[in-house]
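Here's the structure, in structure tokens; my notes come after.
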Number of protein chains: 2
Amino acid sequence: MIKVAIVDDNTFLQKAIQDKLIFFNEIEIKFKANHGQDLLDKLDKNHNIDLILMDIEMPKMNGIEATEIVKSKYPQIKIIMLTVFDNDENIFKSIKAGADGYLLKEVNPEELHNAILETLKGGAIMTPSIALKTLKLFRNPELFEDIPNQEEYNLTTREIEVLEQLSKGLKYNSIAENLFLSVGTIRKHVENIYNKLQVHNKLEAIQKAKSNKII
Amino acid sequence: MIKVAIVDDNTFLQKAIQDKLIFFNEIEIKFKANHGQDLLDKLDKNHNIDLILMDIEMPKMNGIEATEIVKSKYPQIKIIMLTVFDNDENIFKSIKAGADGYLLKEVNPEELHNAILETLKGGAIMTPSIALKTLKLFRNPELFEDIPNQEEYNLTTREIEVLEQLSKGLKYNSIAENLFLSVGTIRKHVENIYNKLQVHNKLEAIQKAKSNKII
DNA sequence: GTTAAAATACGCAATTTAGCGTATTTTTTT
DNA sequence: AAAAAAATACGCTAAATTGCGTATTTTAAC
């Protein structure tokens with residue numbers, strides 16, 4: 001059985017999606033959520049879900065934010081965006097957030113079913129209009145460049161230096177040797193870095209630093 | 001009538017593609033070419049063509065160069081790449097060259113037919129495995145730069161799955177929960193991964209996996 | 001020149017990772 | 001049907017990381 005969750009703020013559309021899948025016996029709709037926060041709450045209780053069909057425009061927490069969080073906590077869960085809009089921004093953000101596919105709500109039952117199967121097999125699906133936009137984005141690499149929310153974390157020079165060494169996979173005592181410092185100092189720097197970046201381990205720190213172009 | 005040209009250096013494959021389309025009456029195979037230069041010559045005589053099904057690996061002039069030239073001379077002609085390989089480099093280069101779609105040769109007749117129609121309607125199509133690679137390239141723009149020696153490490157599916165979770169910054173017990181396994185099992189997988197990749201910690205493993213496009 | 005920020009350093013405790021061995025069960029291949 | 005590979009799981013031990021508190025020295029800012 002394929003365990004699926006539907007996230008949409010419109011109850012009628014929730015139902016419409018469910019109806020499209022009703023005749024495929026191997027698909028089981030485990031639950032429906034009304035918005036991103038609702039989804040997170042429900043996953044917290046039971047994350048035994050294979051795939052999520054996610055709307056984008058929703059109150060409380062939209063589908064893109066929700067995708068980002070779900071993917072960071074449960075990377076094995078596949079997410080297909082299901083939306084009425086196909087504007088570039090949403091597509092781009094969804095992909096960045098980690099969506100595994102992108103369909104328009106007008107998709108027919110067979111296509112939706114097929115999309116679910118292909119996604120679980122490890123592929124990705126997009127409606128042709130979305131695929132086209134994806135290709136266009138590809139041919140315009142400058143669109144990649146502007147990452148808007150370049151937050152300010154006020155890392156010091158030394159902290160950045162330590163972070164750079166961390167990102168090479170070095171352990172504290174190697175970094176200490178490299179910078180002619182004590183291991184205790186490195187530890188303290190790391191601690192301060194974690195506080196500033198609001199993370200709790202090397203990898204998260206490196207990822208956050210990279211996505212904010214600190215290193 | 002939809003006027004189609006087939007470009008492939010292998011006569012048997014040319015025929016195989018033609019056969020897939022034989023029962024769709026609105027599709028007319030106007031001509032077949034054996035390589036890029038042959039195609040250009042034939043287009044020079046008659047460019048009244050709607051769409052080209054293009055192989056990549058070919059003598060004289062490969063499909064990517066041919067695509068670039070055709071698109072610059074006859075931008076209205078749609079081009080779908082049809083290839084046996086789905087390596088990142090070919091996909092990327094084809095897109096840059098202006099291809100409107102990318103299919104694997106194993107595509108079945110209905111899908112191929114549908115792809116042609118969708119492409120002529122102004123959309124784009126990709127097989128799910130290609131679409132996935134496209135998404136991954138999107139999320140890792142640094143992968144655009146060239147691909148070095150892709151070594152073989154023989155990681156199993158499960159090991160890759162664990163590695164992917166590791167790469168999100170999850171700790172062993174979260175991974176265990178996500179995959180419904182014991183922490184001991186995760187530890188063992190990680191150990192085996194490290195042995196195969198010849199590394200000694202998370203970060204090195206992730207870096208090696210990424211640079212070899214395992215994840 | 002005083003103040004604030006940054007860099008340095010240690011100690012303690014708890015958690016997480018890593019390395020090695022062993023063993024059973026399940027799946028795949030031959 | 002037998003053999004090989006993959007997936008599962010646990011125990012022991014050591015090493016490394018993380019979190020928190022405290023404190024001194026150096027550098028930069030006012």
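Just so it is clear: chains get the letters A, B, ... in the order the sequence lines come, proteins before strands, and each one is counted from 1.
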Roughly, in whole Å, what's the span from CG in B/Asn192 to P in C/dG21? 13 Å
Mind listing the closest non-hydrogen atom pair of A/Val70 and A/Ile52 along with its distance? CG1-CD1, 4.0 Å
Can you check the A/Asn201 CG to C/dT17 P distance for me, whole Å? 8 Å
Rounded to the Å, how far apart are A/Ile186 CD1 and C/dC10 P? 12 Å
Any ion pair linking A/Lys105 and A/Asp55 (charged N to carboxylate O, less than 4.0 Å)? yes
When the distance from CD1 of B/Ile206 to C1' of C/dT17 is rounded to whole Å, what number comes out? 13 Å
How would you label the contact of B/His200 with the nucleic acid (heavy atoms, under 4.0 Å): base, sugar-phosphate, or nothing? sugar-phosphate
5'-most to 3'-most nt of DNA chain D touching chain B (<4.0 Å, heavy-atom partner on protein side) reads D/dA6 to D/dC12
Contact class for B/Lys188 (heavy atom, under 4.0 Å): base, sugar-phosphate, or nothing? base
Let me know the distance between OH of B/Tyr172 and C1' of C/dA18, rounded to the nearest Å. 6 Å
Both B/Val183 and B/Asn154 contact DNA chain D. Which one's nearest nucleotide lies toward the 5' end? B/Asn154
Nearest atoms (heavy-atom pairs only) where A/Ala209 meets A/Leu163: CB-CD2, 3.7 Å
Rounded to the nearest Å, what distance is computed from the CD atom of residue B/Glu191 to the C1' atom of nucleotide C/dG21? 9 Å
Does C/dG19 have OP1 or OP2 under 4.0 Å away from a side-chain N or O of B/Tyr194? no
Judged by modelled atom types alone, do A/Asn62 and A/Glu65 share a side-chain donor-acceptor pair under 3.5 Å? yes
Quickly work out the B/Arg158 CZ to C/dT27 C1' distance and round it to whole Å. 13 Å
Nearest heavy-atom pair of A/Ile77 and A/Lys71: which atoms, and what distance? O-NZ, 2.9 Å
Mind checking if A/Thr185 touches a base, just sugar-phosphate, or nothing, with heavy atoms under 4.0 Å? base
Do A/Gln37 and A/Asp41 get their side chains close enough for a donor-acceptor pair, meaning under 3.5 Å? yes
Separation of B/Leu203 atom CG from C/dT17 atom P, in whole Å? 13 Å
Which residue in the set B/Asn212, B/Ile160, B/Asn192 passes side-chain contact (heavy atoms from CB on, under 4.5 Å) when paired with B/Leu155? B/Ile160
If you check the A/Arg187 side chain, which of C/dC10, C/dG11, C/dA18 turns out closest? C/dG11
